[in-house]
J.: 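After the structure tokens below, expect a handful of questions from me.
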Amino acid sequence: MTQKQETIGKGVDTTVVLLYYALVLIGLIAIFSVEYRFNDNVLQSILELKKNYAKQILFIGVSGLTAVVILLIDSKFFTTTANLLYFFGILLMLLTFVIGKDISGSRSWIALGGGFNLQPAELCKVFTSLALAKYLSRQETDFTNIRSQLISFAIVLSPAVLSIAQKETGLALVYFSFFLVLYREGLPPGYLIIGFSGIVLFVAAIVVDPDVLAIALTVIGLLVIYFLWRKIKRNRSILFIIVMVWVFAIGLQRVALPVLFDKVFKPYQVERILGMFGKEYEPKDPVRKAMLEKEMATGKKKDRNYNVKQSKIAIGSGGLLGKGFLKGVTTQGDFVPEQHTDFIFTAVAESFGFWGSALMLGLYFFMLMRIIIIAERQRSTFSRVYAYSVASILFFHIFINICMTIGLMPVIGITLPLLSYGGSSLITFTTLIFIMLRLDANRQMVLR
Amino acid sequence: MAVFNQSRQTTIQLIMAIVFGIILIRLMSLQVFSGKYAKLANDQAILRKVVYPSRGIIFDRKGKAILDNVTMYDLMVTPSQVKGVDTATLCRILGIDTAEFKKRILTAIIKNSRNRSSVFEPLLTPDKYAKINENLFRFQPAFFLQERPIRGYPFKAAAHILGYVGEVDSAMLKRSNFFYQMGDYAGRTGLENYYERILMGERGIQYILRDNFNRPIGPYEKGMFDTVSVAGRNLNTYIDIEVQQLAEKLLSNKVGSVVAIEPQTGGIIAMATGPTFDPNELTGPEARKNFSRLFLDPASPLLNRGMQGVYPPGSTFKPLGGLVALDEGLITPSFGYPCFGRYGPCGRPACTHHNAGHAANLKIAIANSCNSYFADLFRKAIDNRNYPGVEGGLQQWKSYMNAFGLGHRIGVDLPGEYAGYIPDTARYNKVFRRGGWNSCTIASLGIGQGEIQATPLQMANAMCMIANRGWYYIPHFVDSIENETEADTILNKYRRKITPLHIPDSAYQAVIDGMEMVVTNGTARNAKIEGFNVCAKTGTVENYFRGKKQKDHSFFVAFAPKENPRIAICVVVENAGFGATWAAPIASLLMEKFLTDSITQKRQAEVDRISNVSIIPTKIKYERAVRDSIKRVKDSLIRLRLEREQKARIDSSENTVYLMDDEMYKSLPVRVPNRKLPLQQTDYFVMQDNRWKIKQPFNRNNKA
């Protein structure tokens, strides 16, 4: 036994472990501040597991146990079972369509009994990371090859597609974080540039007046032709590409976006997206208008974009130094919906102000940088790809979650890693991080 | 392959750094540079609750509380918890039906949301309170009782002096420079209003944390920013509540007023007006209803006639006329005037009265109230050669009158005092053009008739000045304020002795002697009080209403005792006849009550006799009759309409049209007066889907 005790800790990166616990603790304090009211009996609440903070303590315990178990497992286990686990995860996700439980509008949960639920899409992030690592570390995989690229896309995007089918758009978005990993592993930067340009175009199409945008696009096109005139003279196909891009951009702005908004997205989703840019959504189609009004009337939302308004009020009122622990009036008055889960950052920001938020972000940033360092020191491709996956997933979660609370992104229901209340989220991230730490502990070994 | 892409590590780190940088910049702008969010957060989460202190109490001169605080109860409801409550019992106790119950709950929800409590029934009557308190367990927790202190008047008297407390209106909000807030209560009239800042105390402020449903969840920062309320301070007054009560009793079923002042201090002992009302009527649950009833009464019971009733003072003015003549040296006390029962020198005989030959000197002239004598004195004063012409004389006379406190607001500590009126040269120049009038034209002023107008308060104050032989304090109610400090300047003006004229004591003595004789063997022998020398003057005032002569007002002024005056009084009974008939005995009884603290057994009968007599002026009776008949017509119209509807409902198998026609009007039990009433319209009733709808108004005038 004593020998095993030694082997658990051996080679494990203590910096990441410390950061992990620091963040988990901040999360617990924040959840406590959301729920605690003057004169509550804390001890009794914890013993009876009635409050969320009490449950979170339990989840932290379970996570610790999970971490220990993971550290006890041989590293080879993960490489050998990676594909199996991936298929298992996909199977679980498919299972939700059969025995799924409906929680706040999405059928992505499986009831475990005792009031606890499992969200397979969360767990699947771990499995996908492993599977991607496995695939990219195969000796025969040549990533410059289009076929390999497409296969890795498939591995990454299948859970995303299933998530969208479960109406969990937020989680689906997280799977796009794997493109950072793929980029690191040699994906041509063109993909990222195209993706980025696409996002810019999308945003511009919403914010800028359609006619102005069309003129601007045309002008940009003409400018590009003017500056590249010499090259075009040599190679006519460049002109063709430019014209095609122009046609595509105009098409997206003129046809695709209206179709997307009026036919594909739900009215409330459009509402959220537009609301983020300070625009009101007035559907032209009376049927959709009625739908929107019905959602407004039946929903708990007091007005359009209530969540974001309250979240901004909570964060903004924190000021430079914050109002102090348990003194946030917005938090104490339950003004921010879902504050203990997706909007947990508001509790931190209101109580501890800018310096507290900055410190918290600093911890996250430090952790991300540390993980990248860990990734780069791996000898085996498997470990490196996996560590990059961990970094990317964490980064996307933090980025989307915080941007949504400060009004830089539409409200997408994804958690803040390690801080948000919830067993699925916490245990998933624990597993994710500790598998990486386990692999890192054995970094001298080349894993396939 | 791996090593080949190592540079991309930096790119990825850069992307992350940029994103975190953007987030930090955004956070900085939200948290550090934008101040509005802190305010927004506090606005929605912190409730600023004003805590009202209890108002100060008002004591009378003997230390009895005549205005204090009574606790009543509001029945409160929290709509979200109403489910499962025994509403049937509650409705039965309150005497309402389920429709009304639902309506009130709905109002509560609209007003204050379903999670917060609002008033279900304000100010429960003691009877309802007892029943609800007994059954409260049935209605909890949705319903509960909340204390609400209101003003109580244990003596049921002095309504006009004390005034009432009411919700502030928008005009008052603006005037107070938003010191008050919507929904605050403040003194609206009387002492409650004049001494508002002293009686109200200091409002406290509590900051209460509330949640997203507006429910209070506890004190903000453990009450660190709260300020405590300070109770209002009490007032000690000169009022003798027993005298006040007696005055109100004597004035019952009469229109008029009584003002009694203590000459040495200027303290008002009583200021009664008739008709009056029980001040408790304007505080309890029925306050609104009672107010509109009082407001619409043609006898205007809300008017404080003691300072808002303006009358020509009539003969009660004569002592002042005498003083002016003596001070100007126009006559000596022994001056006599041949009285033939009318005043001749101005051609057309004027100021007629019976009993000729009773003005051998000033004393006798006052005692017998000789019109000719005082008309002559007045003309002497106006035509005085010391002043240039008639105008100069009148101006001099007017300045005397103003010095006696007539023609301007005296400055009593009640809001809404009337100024009365003393005509000046401009008035007559306007009416008769310049030079077109002389002392004869305006001779009736000399006997207190004509353009001169004074309030009973002013006349009582003039009596104080005579009683004191030349000085007075501005009449006021409040003697002292509890815990008075230097900062309380409100009473300063009442503590300054005012000596506006320097008429020699001998002149006062002559007039006072005359006034004593009024009682001993003059016009008011029934005003005697055993053991006291009373000085008085009667008045019988001619008056007109819309150009028609009405019955005379009965006037009486007096002070007693002569040597050491302790009370000066003015009594007016409108349209009651001779001054000696009604006003004199009332004044006499009140003075006796004040001086001896009781009324002798013998005169107790007099009290009952007077209080049981009803002297309501005919014009008020007429207006009341008109009002009542209009109400009867309205009621019967409503009844008729209801009957028709009911009948129609019974035999309505198909759509029928009913018309309020002329026949219907003829069948009314009362003749509709020939004036514009809202009866000119007729309504169409159309039966549709078993519901009655008013189709369109049908104008009778256009029918022909």
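Throughout, protein chains are lettered first and strands after them, A, B, ... in sequence-line order, and every chain is numbered starting at 1. Because the structure is predicted, anything quoted here is derived from the model rather than measured.
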J.: Considering only heavy atoms, which portion of A:I402 lies under 4.5 Å from any heavy atom of chain B: side chain, backbone, both, or neither?
T.: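 Looking at A:I402, just its side chain touches chain B.
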J.: Minimum heavy-atom separation for A:S317 to B:A38, with atom names?
T.: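 Minimum heavy-atom separation between A:S317 and B:A38: CB-CA, 3.5 Å.
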J.: With a 4.5 angstrom heavy-atom cut-off, which part of A:A375 approaches chain B: side chain, backbone, both or neither?
T.: neither
J.: A:S392, A:G353, A:G362: which one forms the most heavy-atom pairs within less than 4.5 Å of chain B?
T.: A:G353
J.: Going through the distances and angles, do A:L320 and B:Q31 end up as a side chain to side chain contact (heavy atoms under 4.5 Å, CB included)?
T.: CA-CA 6 Å; A:L320 183 63; B:Q31 296 190 292; over 6 Å; no
J.: What I'd like to find out is whether the side chain of B:F33 reaches to under 4.5 Å of the side chain of A:F354, using heavy atoms alone.
T.: no
J.: I'd like to know whether OH of A:Y191 has more than 12 heavy-atom contacts from other residues, nucleotides or ligands below 6.0 angstrom.
T.: yes
J.: According to salt bridge (Lys or Arg N to Asp or Glu O under 4.0 Å), who are the partners of B:R138, at least two apart in sequence or on a separate chain?
T.: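 With neighbours one apart ignored, the set is B:D86.
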J.: State which residue, out of B:V19, B:I22, B:I23, fulfils the side-chain contact (heavy atoms from CB on, under 4.5 Å) condition with A:C403.
T.: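 Only match with A:C403 under side-chain contact (heavy atoms from CB on, under 4.5 Å): B:I23.
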J.: Decide yes or no on side chain to side chain contact (heavy atoms under 4.5 Å, CB included) for A:F399 and B:F20, but give the supporting numbers first.
T.: CA-CA 8 Å; A:F399 163 53; B:F20 272 74; over 6 Å; no
J.: Could you measure the distance from the CG atom of B:D211 to the OG1 atom of A:T331? Nearest 0.5 Å is fine.
T.: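 Reported to 0.5 Å precision, the distance equals 13.0 Å.
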J.: Taking salt bridge (Lys or Arg N to Asp or Glu O under 4.0 Å) as the test, write out the residues that go with B:E202, two or more places apart.
T.: none
J.: Does any backbone or side-chain atom of B:S29 lie under 4.5 Å from a heavy atom of chain A? Answer side chain, backbone, both or neither.
T.: neither
J.: Run A:K312 and B:L40 through side chain to side chain contact (heavy atoms under 4.5 Å, CB included) and show every step you take.
T.: CA-CA 10 Å; A:K312 274 158 87 177; B:L40 281 173; over 6 Å; no
J.: Can you see which heavy atom on B:R8 is nearest to which on A:P189, and at what distance?
T.: NH2-CD, 3.2 Å
J.: Is the count of non-hydrogen atoms from other residues, nucleotides or ligands lying under 6.0 Å from B:F179 atom CZ greater than 12?
T.: yes
J.: Return the option, out of A:V336, A:I398, A:L361, with the maximum number of heavy-atom pairs under 4.5 Å with chain B.
T.: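 Result: the option with the highest number of such pairs is A:L361.
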J.: With a 4.5 angstrom heavy-atom cut-off, is it the side chain or the backbone of B:I46 that approaches chain A, or both, or neither?
T.: side chain
J.: Between A:I372, A:V385, A:L321, A:L180, which shows the greatest number of heavy-atom pairs under 4.5 Å with chain B?
T.: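 Result: the option with the highest number of such pairs is A:I372.
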J.: Counting only non-hydrogen atoms closer than 4.5 Å, does B:L209 touch chain A with its backbone (N, CA, C, O), its side chain (CB onward), both, or neither?
T.: side chain
J.: Applying a heavy-atom distance below 4.5 Å, give me the residues of residues 342-351 of chain A that approach chain B, sorted by number.
T.: A:F345, A:A349
J.: Tell me every residue that passes ring pair (Phe, Tyr, Trp, His ring centres under 6.0 Å) with A:F396, counting only those two or more places apart in sequence or in another chain.
T.: none
J.: Is the closest side-chain heavy-atom distance between A:F395 and B:I12 below 4.5 Å?
T.: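 Of all side-chain heavy-atom pairs linking B:I12 with A:F395, none is under 4.5 Å.
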J.: With heavy-atom distances below 4.5 Å as the criterion, would you say the side chains of B:Q13 and A:L368 are in contact?
T.: no
J.: Using non-hydrogen atoms only, which part of A:K323 is less than 4.5 Å away from chain B: side chain, backbone, both, or neither?
T.: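 Just its side chain gets close to chain B.
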J.: Quick one: what part of A:I406 sits under 4.5 Å from any heavy atom of chain B, side chain, backbone, both or neither?
T.: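 For A:I406, heavy atoms of backbone and side chain both lie under 4.5 Å from chain B.
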J.: Return the minimal non-hydrogen interatomic distance between B:Q44 and A:T330, and the atom names on each side.
T.: NE2-CG2, 3.9 Å
J.: Nearest 0.5 angstrom please: A:M369 CE to B:Q9 CD, how far?
T.: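 That separation rounds to 9.0 Å.
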